[in-house]
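The block underneath contains the structure these notes are about, expressed in structure tokens.
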Amino acid sequence: MDLTYLFGFSEMTGNHLERLLPILMAQINKNRKIGFVLIHDGVIGISKKGKIPKSMLELLGLNITVYALKPDMNARGIPFNQLHDKINAIDYEELVDVLESTQKVISWI
């Protein structure tokens with residue numbers, strides 16, 4: 001990955017992701033490989049069983065790799081089997097691997 005974002009805001013209560021989407025699209029247009037890790041409240045709204053916010057659906061439509069941190073999903077009662085198909089659930093060890101293989105990490109929390 002060229003860039004990995006750590007994203008910790010819920011789109012159910014704000015518009016942080018909506019503001020970030022144009023930046024992501026500009027980076028994709030520059031052929032950057034992007035990883036996007038949903039942490040903390042960022043995992044809210046990613047279950048197929050509930051309502052997925054419009055901005056999250058836009059994110060999932062981009063050509064990026066999206067992860068969600070399992071401990072944060074557990075803490076918010078989000079079952080792994082209801083996770084949107086484009087999102088990869090990872091634990092802390094896998095997060096370390098993702099971050100270690102990334103040239104630049106950007107925290108958006």
Side-chain angles (χ1 to χ4, degrees):
M1 300 281 171
D2 297 318
L3 304 166
T4 294
Y5 282 84
L6 299 175
F7 187 81
F9 295 103
S10 169
E11 283 305 291
M12 304 301 268
T13 59
N15 65 349
H16 300 282
L17 184 54
E18 185 178 319
R19 293 188 337 236
L20 180 57
L21 284 170
I23 297 168
L24 293 172
M25 288 185 237
Q27 292 168 338
I28 291 168
N29 289 338
K30 293 179 181 177
N31 295 319
R32 295 203 171 122
K33 289 185 70 176
I34 298 173
F36 200 87
V37 183
L38 300 165
I39 60 173
H40 307 303
D41 284 346
V43 301
I44 296 171
I46 61 173
S47 171
K48 291 189 286 188
K49 191 173 182 178
K51 179 183 177 188
I52 299 177
K54 181 183 175 222
S55 54
M56 183 61 70
L57 289 173
E58 287 182 47
L59 175 79
L60 296 174
L62 297 176
N63 186 24
I64 64 174
T65 305
V66 182
Y67 305 95
L69 202 55
K70 288 179 183 179
D72 292 331
M73 291 174 60
N74 279 335
R76 287 150 183 88
I78 301 170
F80 303 140
N81 64 349
Q82 290 296 319
L83 190 60
H84 188 280
D85 297 335
K86 175 127 188 222
I87 302 173
N88 305 292
I90 59 173
D91 56 28
Y92 287 121
E93 290 80 17
E94 292 165 306
L95 175 62
V96 170
D97 292 340
V98 168
L99 298 178
E100 186 176 65
S101 67
T102 300
Q103 292 179 13
K104 185 174 184 177
V105 177
I106 301 167
S107 181
W108 196 281
I109 51 176

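Positions are given from 1 along the sequence. Computation of the quantities below employed the complete heavy-atom set of this structure, encompassing side-chain atoms and omitting hydrogens, waters and symmetry-equivalent molecules.
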**Message:** I'd like to know whether N15 forms a side chain to side chain contact (heavy atoms under 4.5 Å, CB included) with F9, so could you lay out the CA-CA distance, the side-chain angles of the two residues, the decisive distance to 0.1 Å, and finally the verdict.
**Reply:** CA-CA 9 Å; N15 65 349; F9 295 103; over 6 Å; no

**Shortest non-hydrogen contact between E18 and E11, atoms and distance** = N-OE1, 3.7 Å

**Item:** Spacing of R32 atom CZ and Q103 atom CD [to the nearest 0.5 Å]
**Value:** 9.0 Å

**Fill in**
The reported gap from CE in M56 to CE in M12 (rounded to nearest 0.5 angstrom) is 10.0 Å

**Request:** Return yes if some donor-acceptor pair links the side-chain N/O of Q27 with the main-chain N/O of I34 below 3.5 Å, else return no.
**Result:** no

**Message:** Would a single hydrophobic cluster contain both F36 and M1, if residues Ile, Leu, Val, Met, Phe, Trp and Tyr are joined by side-chain heavy-atom contacts under 4.5 Å?
**Reply:** no

**Message:** Tell me whether L24 shares a hydrophobic cluster with Y67, the cluster being built from Ile, Leu, Val, Met, Phe, Trp, Tyr side chains joined at under 4.5 Å.
**Reply:** no

**Asked** Between P53 and G45, which heavy-atom pair has the shortest distance, and what is it?
**Response** CD-O, 3.4 Å

**Complete:** With T65 as partner, the option from I87, T4, V37, N88 fulfilling side-chain contact (heavy atoms from CB on, under 4.5 Å) is N88

**Message:** Any heavy-atom pair between the side chains of M73 and L83 that's under 4.5 Å?
**Reply:** yes

**Least distance between heavy atoms, S55 atom then L21 atom** = O-CD1, 3.7 Å

**Request:** Looking only at non-hydrogen atoms, find the nearest pair between I109 and I39 and report the distance.
**Result:** CG2-CD1, 3.7 Å

**Request:** Tell me whether I52 is reachable from V66 by hopping between hydrophobic residues (I, L, V, M, F, W, Y) whose side-chain heavy atoms are closer than 4.5 Å.
**Result:** yes

**Atom pair CZ (F80) and NZ (K70), whose distance is rounded to the nearest 0.5 Å** = 5.5 Å

**Prompt:** Got I64 and Y5 here, is their nearest side-chain heavy-atom distance under 4.5 Å?
**Reply:** no

**Item:** Over 12 non-hydrogen atoms of neighbours within 6.0 angstrom of NZ in K33
**Value:** no

**Prompt:** Is F7 linked to I28 within one hydrophobic cluster, defined over Ile, Leu, Val, Met, Phe, Trp and Tyr using a side-chain heavy-atom separation of less than 4.5 Å?
**Reply:** yes

**Prompt:** Taking all atoms of both residues into account, what is the closest heavy-atom pair of G61 and K86, and its distance?
**Reply:** C-NZ, 4.4 Å

**Asked** Are L62 and L57 linked, directly or through other ILVMFWY residues, by side chains that come within less than 4.5 angstrom of each other?
**Response** yes

**Request:** To the nearest 0.5 angstrom, please state how far the CG atom of L20 sits from the CE atom of M25.
**Result:** 9.5 Å

**Prompt:** Could you walk me through whether I46 and L60 pass the side chain to side chain contact (heavy atoms under 4.5 Å, CB included) check?
**Reply:** CA-CA 10 Å; I46 61 173; L60 296 174; over 6 Å; no

**Asked** For the side-chain contact (heavy atoms from CB on, under 4.5 Å) test, which of V98, I106, V105, L69 pairs with L6?
**Response** V105

**Item:** Over 12 non-hydrogen atoms of neighbours within 6.0 angstrom of CG in N81
**Value:** yes

**Asked** Judged by atom type as modelled, is there a donor-acceptor pair below 3.5 Å linking the side chain of K48 to the main-chain atoms of D85?
**Response** no

**Request:** Drop me the distance from K30's NZ to L3's CG, to the nearest 0.5 angstrom.
**Result:** 10.0 Å

**Request:** Start with the C-alpha distance between V96 and E93, add both sets of side-chain angles, then the distance that settles side chain to side chain contact (heavy atoms under 4.5 Å, CB included), and finish with yes or no.
**Result:** CA-CA 5 Å; V96 170; E93 290 80 17; 5.8 Å; no

**Message:** For the CD1 atom of I90 and the CG atom of D97, what is their distance to the nearest 0.5 Å?
**Reply:** 9.0 Å

